[in-house]
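A quick note: this is a predicted structure, and the numbers were derived from the prediction, not measured. Per chain, numbering begins at 1; letters A, B, ... match sequence-line order.
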Amino acid sequence: MAKVFIPTALRAFADGKAQVEVGGATAGEVVAALAELYPDIRRHIYDAEGKLRSYVNVFVGEEDIRNFGGLGAPVPPDGEVTLVPAIAGGVAGALRAAPRQTDGIVRSKAAGRKR
Amino acid sequence: MNVASIIPDDRLERLSNAEITRYSRHLLLPQVGVDGQRRLKAAKVLVVGTGGLGAPLALYLAAAGVGTLGLVDFDFVEASNLQRQIIHGTRDIDRPKVASAADRVKSINPDIRVVTYNTALKSDNALSIIEDYDVVADGTDNYPTRYLVNDACVLLGKPNVYGSIFQFEGQASVFYAKEGPCYRCLYPSPPPPGLVPSCAEGGVLGVLPGIVGTIQASEVIKLVVGAGGAGGAVAGDSLIGRLLLFDAWAMKFRELKLRRDEGCPVCGKAPSIRELVDYEQFCGLKPAPGEEPVESITAKELKARLDAGDPLQVIDIREPHEQAIAPFPGARYIPLGQMARRAGEIDAAVDAVFLCKVGQRSKFAIRALREAGHRGRLLNLQDGVGAWARDVDSTLPQY
Ligand SMILES: [Zn+2]
């Protein structure tokens, strides 16, 4: 069984689990087994065509599978598979800031805030 | 990876006796020494964002004697920042963050030059701001600025000391295209908005940015001093080509290897990005052409429909602990993480309104339902429960 490390950002879609053990001899089989176990995580890992999403990286041990044949990368029997998604620290901040960012230097917020 | 100092010898000045006293504990380290401290004095470091990561970065870099510290932020200090952004204090609320940060930094070290940019870093100012600096420390909180900082640093040949945080988890690396991979080599494109909840929605342990930001500060100092060390000292290793993962709850560090992607659109062999682009478009913050927009409803409109007794399903997609902070009366709870598998619980014949904290994750829930084949009318509560608290029910706390 391979040990899969689930990052915080995806745990809500895997019943809150930080780590699970699933079978599989390749990175692709391990990730597919994870998606089988937790269907809600599927769309966060695969795109509509079933390809791995580009903001989720998969590592076997400490190596990125992109350098080892992608989803075909071999996973040793007691290997560790780590999912590493992009985390930014705060997307909503950017979204709320967007209109202000477009008008250059920003000074209006304090004035516009309700008291 | 060992790298020589990024500060050229011809910029080094001598240290005064006062500086020798102040930086004595650095001078005693053979890996820093007088040479390294002179490099710190000559160094120009740009800290992008003076929030959770930027706070410890700016404080420690100022204390370390970085000669010129640039601070970029467009934001103002808010009460909810103070749980982690320790460069700001209670009396700084409503002040521009760069002004508050500059005051604090100067009180730690009046000898350094502090340059503030009270603006958002954007495609039309990033190159001219970053150009003046030796190294950039990325303490931003959003994807568009991360890609912007990365691309600008690659185009200008500057190292980008990266850190990011979410809840209990942090990442750190040094992206330096001259020596190793860049941010796009690791993440060619960002997640769609709403997929990964932000810190504003998902929360963050207050000390986490303190830990990750100080890791970034260490990496900045090593790039400046030269991780190879002076005087034959044992070489230090930069985080170039390595991604450090930190989990504060499990208290575990893990390390992964990063390699340059030869097909990288900005640092690869045949780069397609040769100038800065529109990063909000790139990160999907503007609707892509042909994308079906999500229909929204304002808090006031929702209130009017509920008062009129319109048949409506109100679905709260927040996590249970979050609903407990500010419960939405009369809503049905289906957490985002279970949306796809519980799609059948939503009646396609009745309008359904989805809500979350700020109206982003709910949009994502609507897209997930559509993908799962749901054909009913799905509305997004614009700006989420925050808008309801602001415009309809002021007894509800804003969080
Ligand atoms: Zn690259």
Over all atoms of both residues, closest heavy-atom pair of [X] and [Y]:
{"X": "B:Glu371", "Y": "A:Arg43", "answer": "OE2-NH2, 2.9 Å"}
{"X": "A:Ile87", "Y": "B:Tyr162", "answer": "O-OH, 3.9 Å"}
{"X": "A:Tyr55", "Y": "B:Pro190", "answer": "CD2-O, 3.5 Å"}

Side chain / backbone / both / neither for [X] at chain A, heavy atoms under 4.5 Å:
{"X": "B:Glu255", "value": "backbone"}
{"X": "B:Arg254", "value": "side chain"}
{"X": "B:Tyr117", "value": "neither"}
{"X": "B:Asp138", "value": "neither"}
{"X": "B:Ala372", "value": "neither"}

Give a yes or no on whether the backbone of [Y] and the side-chain of [X] come within a donor-acceptor separation of less than 3.5 Å.
{"X": "B:Gln338", "Y": "A:Asp40", "result": "no"}
{"X": "B:Ser189", "Y": "A:Ser54", "result": "no"}
{"X": "A:Arg66", "Y": "B:Leu186", "result": "yes"}

State, yes or no, whether a side-chain contact exists between [X] and [Y] at a heavy-atom distance under 4.5 Å.
{"X": "A:Thr82", "Y": "B:Leu245", "result": "yes"}
{"X": "A:Val84", "Y": "B:Tyr187", "result": "yes"}
{"X": "B:Glu169", "Y": "A:Arg11", "result": "yes"}

Practice task
Indicate yes or no: does A:Glu63 engage B:Arg259 in a salt bridge with an N to O separation below 4.0 Å.
Solution key: yes
Handout entry: chain B contact via A:Tyr38 - side chain, backbone, both or neither, heavy atoms under 4.5 Å
Key =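 Neither part.
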